4 protein chains.
Amino acid sequence: MIDVQNLADDRDVPLNKVGVKGVRYPVTVLDRAAGVQHTVGVVDLYADLPRHFKGTHMSRFIEAFQRHRKDLSMPRFLEMLEEIRTDLEADAAFGVLSFPYFVERPAPASGLESAMSYECRYEGEVREGRRDFFVSVAVPVQTVCPCSKAISERGAHNQRGVVKIEVKLGPFFWIEELISIAEAAASSPVFSLLKRDDEKLVTERAYDNPKFVEDLVRDVYIGIRSLDRFPWFSVEAENFESIHNHSAFAYAEYGSRQGASR
Amino acid sequence: MIDVQNLADDRDVPLNKVGVKGVRYPVTVLDRAAGVQHTVGVVDLYADLPRHFKGTHMSRFIEAFQRHRKDLSMPRFLEMLEEIRTDLEADAAFGVLSFPYFVERPAPASGLESAMSYECRYEGEVREGRRDFFVSVAVPVQTVCPCSKAISERGAHNQRGVVKIEVKLGPFFWIEELISIAEAAASSPVFSLLKRDDEKLVTERAYDNPKFVEDLVRDVYIGIRSLDRFPWFSVEAENFESIHNHSAFAYAEYGSRQGASR
Amino acid sequence: MIDVQNLADDRDVPLNKVGVKGVRYPVTVLDRAAGVQHTVGVVDLYADLPRHFKGTHMSRFIEAFQRHRKDLSMPRFLEMLEEIRTDLEADAAFGVLSFPYFVERPAPASGLESAMSYECRYEGEVREGRRDFFVSVAVPVQTVCPCSKAISERGAHNQRGVVKIEVKLGPFFWIEELISIAEAAASSPVFSLLKRDDEKLVTERAYDNPKFVEDLVRDVYIGIRSLDRFPWFSVEAENFESIHNHSAFAYAEYGSRQGASR
Amino acid sequence: MIDVQNLADDRDVPLNKVGVKGVRYPVTVLDRAAGVQHTVGVVDLYADLPRHFKGTHMSRFIEAFQRHRKDLSMPRFLEMLEEIRTDLEADAAFGVLSFPYFVERPAPASGLESAMSYECRYEGEVREGRRDFFVSVAVPVQTVCPCSKAISERGAHNQRGVVKIEVKLGPFFWIEELISIAEAAASSPVFSLLKRDDEKLVTERAYDNPKFVEDLVRDVYIGIRSLDRFPWFSVEAENFESIHNHSAFAYAEYGSRQGASR
């Protein structure tokens, strides 16, 4: 049977990335509390395509993922990309894995446990002699507006927001560490389950601790920088303003990203 | 050229709806302030298919929409459906048109004008001797939690929410009337543009006017019922809770819907 | 601490549904091949609210779900709703759970295994002396256009489509049974992993088996009806047409739905 | 009234971007055929925030947009950003505007006119002495798989795909020029309205002209490069594979992007 993909190509245009996108699969990742966590991921896997090949072999990306999906720790994710690179005789392989990560959390007063979900993303790139790995996590939080509090005789508008942190590794770390920094920088964390005594505590604590979207980014930035562990990171915050039908947004980054271009 | 759709079908299964879905087009609708408004719609158009036909003629839906899209007042929308019904020799024709509708609004203290967008939806069904028409509008609002205010020594959690009203016509009305009822029932409307004196007013007014999602639905329900104009309507409210990562939701309906089944 | 929700309400407007919406959680469901399956669900839980209560107690929905999420077989889902109903002294409780369900499948020629994901949805309603339960599943498929094949000298446009089946129970059944009916009615099932010999087989089989969106709905309808197991069901199909930027759509239903109003 | 945003900040963390995100508004853009086109945009507007300011003034972004939205040609978009930069005493201002752009197109055989929509995006960045402007457009197309055609005795799987082109300006150009290059590189363009003689022509032409996602990117790349007009551009293609439930993807870029970092 003819292998059309392997035919020669004379257009002289190398491709930065070719592969599969949007593959949904059950995956298993590391979990600090429970050892492993079962969740559901959406994965994109690419390799570069040299100028002289007509096409890549799409099925091989799925085969590699199929082999590794039951142990997707950060180092194993890079090993999977290395296998793809070797298998396709490519210079570079790229992968993005997005999944909700769940953490059981106690309510602040009652102590009742419930699960919170945080959108996580691994992004890796491997080349000869070089591996880059990026992890991002999106942390929903509550923010009370400092301006609204300062100018109003009573109350203050507040809303849900989301802090998105992306870091370039660096040594191993737990996603929970980034979540803690984001939640500590907000007016309050958010919870799946709050009884009335929890709600009172959350309301008052948030009111006492107003934060602009700018404050949130700066305080998370300082928190991550003080870990002194990541050569590059970025912090963004988006507030789903309760007085507008649009968001307030802020973004800052530290160091030089390089690698794993979006 | 063979017309496969017109072939006989012996499976004896009539279809409730067949047609086109997700067609995006520039459309023109009526605007109370400006006469007409240019916006962008997504349209679904269907007819029933009797048991003895193999298929419908999909291109005729697009041709009918193409003829009418520059004047999509509510009565003209039903006329378009009637044309489709006749053209396809169907018993019933159905249409759904979703579009953002824009209204210029003054900020409450400064009076500065800006545009707010409201998601609207027409849904129509025409049969021999019967026409049903439903309009819905989604109104973003702010809500302050009465429980949080009552149990906390200071502050109160609040958030953006959305009130969705659907009505069955009835005589002609302006979408702006439903928007006003929804905004009056909330802790505060939301705005695209607020200066600091506006923000102070909005904050204090919302704090003085706390509303559960249940209150919102009930007050909108009473407001619409008092118009005494719609044989059926429904009201739902969803609060994007600032202390949770999920929503609070409430729903009520009046009368009997019938027609234009979803 | 005051319980604002328990205050009397004199507006005389009962609410059909009040509760929580969009709660994302890891869940465990039954799996025909593996016994249980770990996946991720998004849940909405509601109860009705009698006219004389100001508000519901939102945290109790989460507490009930927290207790049951590790065993969400269909009967247990209804038991959870019954607990909510009792706990909130409501007449009715409602629940919707959406989750991807994964099935390992062999490629048609090579036999290589890979996982396919199917969006599933449970919808339940419990009242005194009555329980209604609906299950839906969305099955991605391939369809070749019979008209395009008949009128063209070579080739035929084809595309991915999705068949959505919803059934009212009825005795226990496996989701896999509905998936099989949908895939058998299409020009071809779709797969996560296909080698070249698989691709040849899929291409030729689909070309030999052209189906309109209307055919798909009719053949699935006949397949489910012949099971003689569900008092109500609906079938819809949407083709993401490869020659258009919109979809072709068809819908049919059997019996009378009743219960668990959307 | 206190201006909290203007307070000094001693955290010593400058922010790359602060502003408003997700503002939906009616906008007017240039249209080659009709002079101007009314459409609906979603806009994000940011400026950098020096280390010594606590916050930005969010309302000023909306005021600037409000002034310019009725004439959003590419040069006027950059002038708006320059006004924002000056008004906020910032070093840089950034803007992203996304909108559907509509073009009336004749069907290939019948000549019947209908509108196609293409998602467009402006992205601008202005600094002292420097302006960068990027335009992207997403063009839906049809692709027939060359491998499937070559190995199968009859038929070939095909599907809708989307080609996304982003260019850095460069002299003025019409979006229609990029759309033409993308459509010419595909197996076939897609259309809103096709009669049977059009469908026959589209089917046969596409079958005679099979293209991998890799071919699509390479041929669009060569087409844009030959214009010799843009210092940087990228081309990506995503095929919504009709035999899989995921996409095939390819990406290539030319030159060095710089400016308007995402």
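Convention: sequence-line order gives letters A, B, ...; per-chain numbering from 1. Nothing here was measured: the structure is a model prediction, and the numbers come from that model. Hydrogens, waters and symmetry mates are skipped; everything else that's a heavy atom, side chains included, is used.
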Legend entry - Crowding at CZ, D:Phe173 (>12 non-hydrogen neighbours, <6.0 Å): yes

Legend entry - Residues from residues 156-164 of chain C approaching chain D under 4.5 Å (heavy atoms): C:Ala156, C:His157, C:Asn158, C:Gln159, C:Arg160

Legend entry - Side-chain touch C:Ile243/D:Gln142, heavy atoms, less than 4.5 angstrom: yes

Inset, instruction - Quick one: which of C:Cys147, C:Ser117, C:Cys145 has the most heavy-atom pairs under 4.5 Å with chain D, could you say? - result: C:Cys147

Legend entry - Side chain / backbone / both / neither for D:Asp198 at chain C, heavy atoms under 4.5 Å: neither

Inset, instruction - Go through the structure and list residues passing side chain to side chain contact (heavy atoms under 4.5 Å, CB included) with D:Val103, not counting sequence neighbours. - result: D:Tyr101, D:Arg105, D:Tyr118, D:Glu176, D:Ile179

Inset, instruction - Specify the closest pair of heavy atoms between C:Ile151 and D:Arg196, including all atoms of both residues, with the distance to one decimal. - result: CD1-O, 3.4 Å

Inset, instruction - Identify the heavy atoms of C:Ser242 and D:Val190 that sit nearest to each other, and give their distance. - result: O-CG1, 3.4 Å

Inset, instruction - Kindly indicate, with the supporting measurements, whether the criterion side-chain contact (heavy atoms from CB on, under 4.5 Å) is fulfilled by D:Leu193 and C:His244. - result: CA-CA 8 Å; D:Leu193 176 60; C:His244 295 302; over 6 Å; no

Legend entry - When C:Met116, C:Lys149, C:Glu241 are compared by non-hydrogen pairs under 4.5 Å with chain D, the top option: C:Glu241

Inset, instruction - Please look at D:Ser148 and chain C and tell me whether the side chain, the backbone, both or neither of the residue comes under 4.5 angstrom of a heavy atom of that chain. - result: both

Inset, instruction - Check each atom of C:Asp197 against the heavy atoms of chain D and say whether the ones under 4.5 Å are side chain, backbone, both or neither. - result: neither

Inset, instruction - Could I get the full list of ring-ring contact (aromatic ring centres under 6.0 Å, His included) partners for C:Phe240, not counting sequence neighbours? - result: none

Legend entry - Polar side-chain atom of C:Glu204 near backbone of D:Glu153 as donor-acceptor pair, under 3.5 Å: yes

Legend entry - Part of residues 211-220 of chain C lying next to chain D, heavy-atom separation under 4.5 Å: none

